[in-house]
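Heads up, the thing below is written out as structure tokens.
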Amino acid sequence: MATSTGRRGRRLRASAAAAALGCAVALIGGCASAASPARALPAAPTESAPPTESAPPAGAGQIGRYASPNPGSVNTLWLRTSAGLLVVDTGRSLADAEQALTAIHRTGRPVAAIVITHPHPDHVGGIGVLHQAFPAAPVYASQATVTVMRTDPLGYYDQTRALPGSDYAARLTLPDHVVAPGATVDVGGTQVRTAEFGAGESSDATVYYVPATGDLFAGDLVSDGATPALIEGHTCGWLGELDQLQARFPQAVTLHPGHGGPGRPADLIARQRAYLHQFRRLVRAAIAPASPGGATVTAAEQSSIIEAVERDHPGYPPVATLPDLQRANIKAVAGELASTNSAAEPAACRDA
């Protein structure tokens, strides 16, 4: 990755095309602060605030966490192993990755390996920053994630770069180790089990479980107290994956989400499931033939759905910066439900 010789050369990239995009891609990638996509990496930690250390239940591993600022806060996490740190996801922007790197430097330990949970821009944008600092550390991801990162089929990365003030990598650093579904990754003797999932919150997802500590890194399959992005229209698949996640790792002690703080797996999964079920129920009612707009969700119905969700889930910041995230979620879920025969849906998707 190229680096700049100083920070004074940063320039906003705000064009008419970027303005038209607004923060549409922020549903996934978020809007970054004004900065150049090429910058010098800090040689040593300079940030005054320490990294966030989660407080998992007894028996779980010691986990470090850097959470980028809201809106659109995203976690970079790390677990201590005998060989160094296992880092999970790398943040959205170059600035976020540098802040995470500063926190990692403060531990006094090298990065032994990096694992990626899914290909959304806010989780892979900082790979190059960490790879430059720790070039010997392998970067693991599923083949599906690597393919999306290489081909950008939905244009997420290019759109993120085009946002006003974008601080996104001009060129993504791709993972260099492919993880087969269900494979175990060895990091300095620490065994990390994996499980791969299909379309849900994202086009694909990989979770990482450390049996020795009970830590489960679930990426965006689960968030803690955050308004999710439902724009890919796979809420039914997502609900099924939550059931699978809970069934596959019954011994997990602490679940670490892609957004928000850690918690008991059963609690966080149950809250994510309840959120998705409520959202689907409200949208399904709004597109019923007898509803005011019939198959169309009216503006009044949109407002009613948002009010009900925010009443039952108060204080949930969005996972990204788009002001109309909920309206975009409603549109996507309405399209999903309209094309689905509810009677034929899997049990996990039926309204609870």
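Scope of the values below: all heavy atoms of this structure, side chains included, with no hydrogens, waters or symmetry mates.
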Can you tell me if Glu307 has over 12 outside heavy atoms packed within less than 6.0 Å of its CD? no

Are any side-chain N or O atoms of Ser304 and backbone N or O atoms of Ala300, one a donor and one an acceptor, separated by less than 3.5 Å? no

Looking at Arg273 and Glu241, is any side-chain nitrogen of the basic one under 4.0 Å from a carboxylate oxygen of the acidic one? no

So, for His277 and Ala348, which heavy atoms are closest and what is the spacing to 0.1 Å? CE1-O, 3.2 Å

Under 3.5 Å: donor-acceptor pair, side chain of Asp152, backbone of Tyr157: yes

Should Phe279 and Val309 count as side-chain neighbours, where that means a heavy-atom distance under 4.5 Å? yes

Side chains of His259 and Asn75: any donor to acceptor distance under 3.5 Å? no

Side-chain heavy atoms of Asp96 within contact of Tyr66, under 4.5 Å: yes

Within the side chain of Thr145, is there an N or O that forms a donor-acceptor pair under 3.5 Å with the backbone of Ala141? no

Minimum heavy-atom separation for Val222 and Leu245, please, with both atom names. CG2-CD2, 4.0 Å

Between Asp167 and Ser93, is there a donor-acceptor pair closer than 3.5 Å when you use the side chain of the first and the backbone of the second? no

Ala183 backbone acceptor or donor facing Thr194 side chain under 3.5 Å: yes

Ser142 and side-chain contact (heavy atoms from CB on, under 4.5 Å): which partner among Val178, Val179, Asp204, Thr117? Asp204

Does some side-chain heavy atom of Leu94 sit less than 4.5 Å from a side-chain heavy atom of Val129? yes

Quick one, Thr254 and Arg264 - any side-chain contact, counting heavy atoms below 4.5 Å? no

Is it the case that the side chain of Arg92 and the backbone of Gly72 share a donor-acceptor pair, with hydrogens and angles ignored and the cut-off at 3.5 Å? yes

Charged N-O contact under 4.0 Å between Glu301 and Lys331: no

Are any side-chain N or O atoms of Thr107 and backbone N or O atoms of Ala103, one a donor and one an acceptor, separated by less than 3.5 Å? no

Any side-chain to backbone donor/acceptor pair from Ser166 onto Ala162? Under 3.5 Å, distance only. no

Could you check if a side-chain atom of Glu232 sits within less than 4.5 angstrom of a side-chain atom of Glu201, using non-hydrogen atoms only? no

His123/Asp220 under side chain to side chain donor-acceptor pair (under 3.5 Å): CA gap, chis, key distance, verdict: CA-CA 9 Å; His123 292 260; Asp220 283 2; 3.1 Å; yes

What distance separates Thr81 OG1 from Leu79 CG, expressed to the nearest 0.5 Å? 7.0 Å

Does Leu77 share a hydrophobic cluster with Val210, counting links as ILVMFWY side-chain heavy atoms below 4.5 Å and allowing steps through other members? yes

Linking I/L/V/M/F/W/Y whenever any side-chain heavy atoms sit under 4.5 Å apart, do Val139 and Leu85 land together? yes

Hey, are Asp176 and His131 close enough side-chain-wise for a donor-acceptor pair under 3.5 Å? no

Val192 vs Thr184, side chain to side chain contact (heavy atoms under 4.5 Å, CB included): CA-CA, chis, key distance, verdict: CA-CA 5 Å; Val192 184; Thr184 296; 5.7 Å; no

Please check this pair: side chain of Gln272 against backbone of Ser223, looking for a donor-acceptor N/O pair closer than 3.5 Å. yes

Decide whether Gln326 and Asn329 meet the rule of one side-chain donor and one side-chain acceptor closer than 3.5 Å. yes

With under 30° as parallel and over 60° as perpendicular, where do the rings of His313 and Tyr275 fit, or are they tilted in between? tilted

Are Ser342 and Arg350 close enough that some pair of their side-chain heavy atoms sits under 4.5 Å apart? no

For Ser73 and Ser68, indicate whether the former's side chain and the latter's backbone hold a donor-acceptor pair under 3.5 Å. yes

Test item: Gln278 and Leu282 side chains (from C-beta on) under 4.5 Å apart, heavy atoms: yes

Any pair with a residue in residues 215-255 that passes ring pair (Phe, Tyr, Trp, His ring centres under 6.0 Å), sequence neighbours left out, goes on the list, sorted by first then second residue, please. Tyr209-Phe249, Phe217-His256

Considering all heavy atoms, the nearest Pro346-Cys236 contact: CD-SG, 3.7 Å

Answer yes if the side chains of Thr147 and Gln143 hold a donor-acceptor pair under 3.5 Å, and no otherwise. yes

Tell me yes or no: between the side chains of Thr235 and Arg280, is some donor less than 3.5 Å from an acceptor? yes

Side chains of Val115 and Val87, heavy atoms from C-beta outward: is any pair under 4.5 Å? no

All heavy atoms of Val297 vs all of Ala334, minimum pair found to be CG2-CB, 4.1 Å

